Amino acid sequence: MRSLVSSAGYLGLILILVSGYLYASDTATPRTVLIVLLAGLALGSAWLVLEWDKVWKLLGRRTTRYGANTAVLVLLVIGILAFVNLIGARYSQRYDTTANKRFSLADLSISVLDELDQDVHIVGFFRSSGSDAMVQYQIDDMLNQFQYHSDHITYEFIDPDLEPSIARQYNISAYGTMVFESEGKTEHINRYLEESVTNALVKVTREGQKTIYFLEGHGEHNVNLTDQAGYNRIMQLLENQSYIVRSFSLLREVEVPADCSVLVVAGPRTNLVGNEQEAIRNYLDRGGRALFLINPDYPEESADLSALLARWKVEIGDNVVIDESAVGRLPGMNEYMPAVMQYPAHPITRPLGSTVSFFPLVRSVEPASASDDTVEIQTIAMTGTRSWAETTLPESPEEAMEYTPALDPGTDEPGPVSIAVAITAVPRALPRRDMRSLTPQEMAMRPEEHELKTRIVVVGNSSFASNAYIMLPGNGDLALNILNWLAQEEDLLAIRPKSSDTRLVQISLSQMRDIFIVTGILSPIGILIAGVVVWWRRK
């Protein structure tokens with residue numbers, strides 16, 4: 001009986017310590033902690049009552065006093081560790097020391113999470129065994145990063161084999177499906193990249209969809225083509241951000257569609273006829289937003305939009321920018337593909353930092369005059385100091401074979417050269433704005449922030465956003481930032497999520513031989529000699 005009472009005393013002490021740990025580590029519910037604590041106190045109290053004589057004698061010993069001091073110190077250390085653990089659990093801070101910030105979210109993802117004001121629940125349907133278990137572990141780590149930046153994110157994993165009713169409820173037809181739900185809207189994805197998760201968050205949290213129209217009928221880039229000159233990839237990127245992308249022709253329509261959020265004129269080769277230019281001019285005068293991508297007149301003629309854009313203080317150069325910097329000697333590059341690393345401060349370029357964009361065959365686009373109260377124009381991309389705007393170019397393929405570009409201070413414009421400008425202007429024809437067309441985000445903004453303004457961006461090249469070049473470093477970020485700024489989606493102006501890269505060490509045959517000699521021959525011989533020397537000295 002006495003041994004049972006003593007065991008109850010020890011068990012009570014253990015339960016009291018366990019309850020303290022559970023409370024400090026926040027790994028159990030408050031109700032569970034309270035139950036464990038009360039059970040420990042009950043067992044401890046029973047031991048004190050039943051073994052009171054032994055306890056009284058024990059308290060009078062010198063060893064008890066020393067033991068009590070030690071116990072106090074131990075409890076103090078445990079209390080400090082528990083307090084530190086509690087602070088770490090509730091106020092955590094992460095530091096990513098990898099070179100490419102592989103374990104950190106991209107700026108765009110963080111921007112979306114910062115703007116998130118409604119709860120989003122994510123359900124992943126993965127089998128609890130096999131390869132799905134490893135994939136689930138990786139996704140759990142990524143979603144934990146999303147949850148770290150926003151309290152509105154919650155997620156769970158369900159095995160569809162164990163919970164088939166829940167799988168049917170979410171219309172799950174394949175293993176590895178992730179479902180995002182928020183306020184009645186759902187989105188299914190089967191790709192586990194950060195970009196896919198961010199795009200799904202955008203789709204389930206944004207009210208309404210904005211439409212981007214691409215003009216056609218003049219040799220422009222086609223959003224439906226998947227060849228190198230097509231714009232299919234940028235269309236997919238825009239649709240991933242919950243935009244609607246459509247093509248239209250002003251040869252069939254009399255005006256720009258009323259639901260057009262951004263008009264894109266991507267590299268027209270033939271001139272727009274009078275009524276087309278008039279329709280675009282009226283659209284811009286009413287506070288429209290447009291992106292003009294104008295190629296140089298070399299080696300083929302490009303459409304002349306100088307008269308249309310002159311009223312917005314844009315000067316389009318009759319030249320081709322040449323770049324003799326080191327980037328022109330990279331594989332696949334040449335002096336006709338300037339690298340842009342200078343981005344004057346603007347909402348479009350602020351998130352780009354030192355990102356490099358490449359523009360194959362680009363012409364200069366500069367402000368024709370300074371900004372005033374009605375039209376604010378600003379350069380957003382400039383080439384380097386070793387570039388210039390070449391005005392004298394070969395007129396035939398035979399001349400081009402022997403032509404070597406060289407800076408002529410008399411006729412050429414030395415770098416840096418402006419190749420893209422952004423315009424914000426007061427509409428010349430102010431319509432009565434239909435407040436029903438505003439998104440909830442715009443309605444929540446102050447009136448001066450969503451005041452109707454004309455927004456225009458002009459770039460001296462259209463190929464940088466084509467399928468062949470959109471995936472180059474910086475090109476996709478710049479193109480999407482321009483379109484998001486034009487659509488007044490400023491919270492999407494950021495660097496797109498990055499995919500993890502594999503870093504390989506390239507070793508030549510001579511280096512492999514040297515490594516083998518050092519590790520496979522010299523090191524074992526050195527260890528053997530050292531062992532013989534030690535043995536000889538001891539002998």
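Keep in mind that the numbers below use all heavy atoms, side chains included, and drop hydrogens, waters and symmetry copies. Source: prediction; values computed, not measured. Numbers here are sequence positions counted from 1.
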Do the side chains of [Y] and [X] get nearer than 4.5 Å, heavy atoms only?
X: Tyr298; Y: Arg363; value: no
X: Val112; Y: Phe146; value: no
X: Ile470; Y: Tyr231; value: no
X: Asn484; Y: Gln241; value: yes
X: Leu483; Y: Ile234; value: yes
X: Pro268; Y: Leu215; value: no
X: Ile419; Y: Pro338; value: no
X: Met382; Y: Pro344; value: yes

Are more than 12 heavy atoms, taken from residues, nucleotides or ligands other than Gln118, located less than 6.0 Å from that residue's CD atom? yes

Got more than 12 heavy atoms from elsewhere within 6.0 Å of CG, Asp318? no

Between [X] and [Y] (side chain of the first, backbone of the second, donor and acceptor by atom type, cut-off under 3.5 Å), is there such a pair?
X: His221; Y: Ala229; answer: yes
X: Ser111; Y: Asp107; answer: no
X: Asn240; Y: Gln236; answer: yes
X: Asp477; Y: Leu352; answer: no
X: Tyr336; Y: Val320; answer: no
X: Thr383; Y: Val417; answer: yes
X: Tyr192; Y: Gly176; answer: yes
X: Asn461; Y: Leu361; answer: yes
X: Asp297; Y: Ser302; answer: yes
X: Glu194; Y: Ala106; answer: yes

Start with the C-alpha distance between Gln136 and Asp140, add both sets of side-chain angles, then the distance that settles side chain to side chain donor-acceptor pair (under 3.5 Å), and finish with yes or no. CA-CA 6 Å; Gln136 177 179 325; Asp140 179 73; over 6 Å; no

What is the minimum heavy-atom distance between [X] and [Y], and which atoms define it?
X: Tyr343; Y: Val356; answer: OH-C, 3.9 Å
X: Phe358; Y: Asn475; answer: N-OD1, 2.8 Å
X: Leu272; Y: His218; answer: CG-NE2, 3.9 Å
X: Ile482; Y: Leu291; answer: CG2-CD1, 3.8 Å
X: Glu255; Y: Phe248; answer: O-CE1, 4.5 Å
X: Val340; Y: Ala381; answer: CG1-CB, 3.9 Å

Any donor-acceptor pair under 3.5 Å linking the side-chain atoms of Asn319 with those of Thr391? no

With distance as the sole criterion, is a donor-acceptor pair present between the side chains of Thr198 and Ser109 under 3.5 Å? yes

Going by the side-chain hydrogen bond (donor to acceptor under 3.5 Å, both in side chains) test, which pairs reach into residues 305-317, not counting sequence neighbours? Asp304-Ser306, Lys313-Asp372

Report the C-alpha distance between Tyr469 and Phe464 in whole Å, list the side-chain angles of each, state the deciding distance to 0.1 Å, and finish with yes or no for ring pair (Phe, Tyr, Trp, His ring centres under 6.0 Å). CA-CA 5 Å; Tyr469 299 102; Phe464 85 99; 9.4 Å; no

Test log, rule side chain to side chain donor-acceptor pair (under 3.5 Å), inputs Tyr243 and Ser261: CA-CA 10 Å; Tyr243 288 107; Ser261 298; over 6 Å; no

Under 6.0 Å between ring centres: does that hold for Tyr283 and Tyr213? no

The single option from Ile456, Leu486, Ile280 that satisfies side chain to side chain contact (heavy atoms under 4.5 Å, CB included) with Leu263 is Ile280

Test log, rule side-chain contact (heavy atoms from CB on, under 4.5 Å), inputs Arg513 and Ile517: CA-CA 6 Å; Arg513 185 179 61 252; Ile517 291 175; 4.1 Å; yes

Output, in order, the C-alpha distance, side-chain angles, deciding distance and verdict of side-chain contact (heavy atoms from CB on, under 4.5 Å) for Glu324 and Trp388. CA-CA 9 Å; Glu324 284 193 339; Trp388 71 87; 3.7 Å; yes

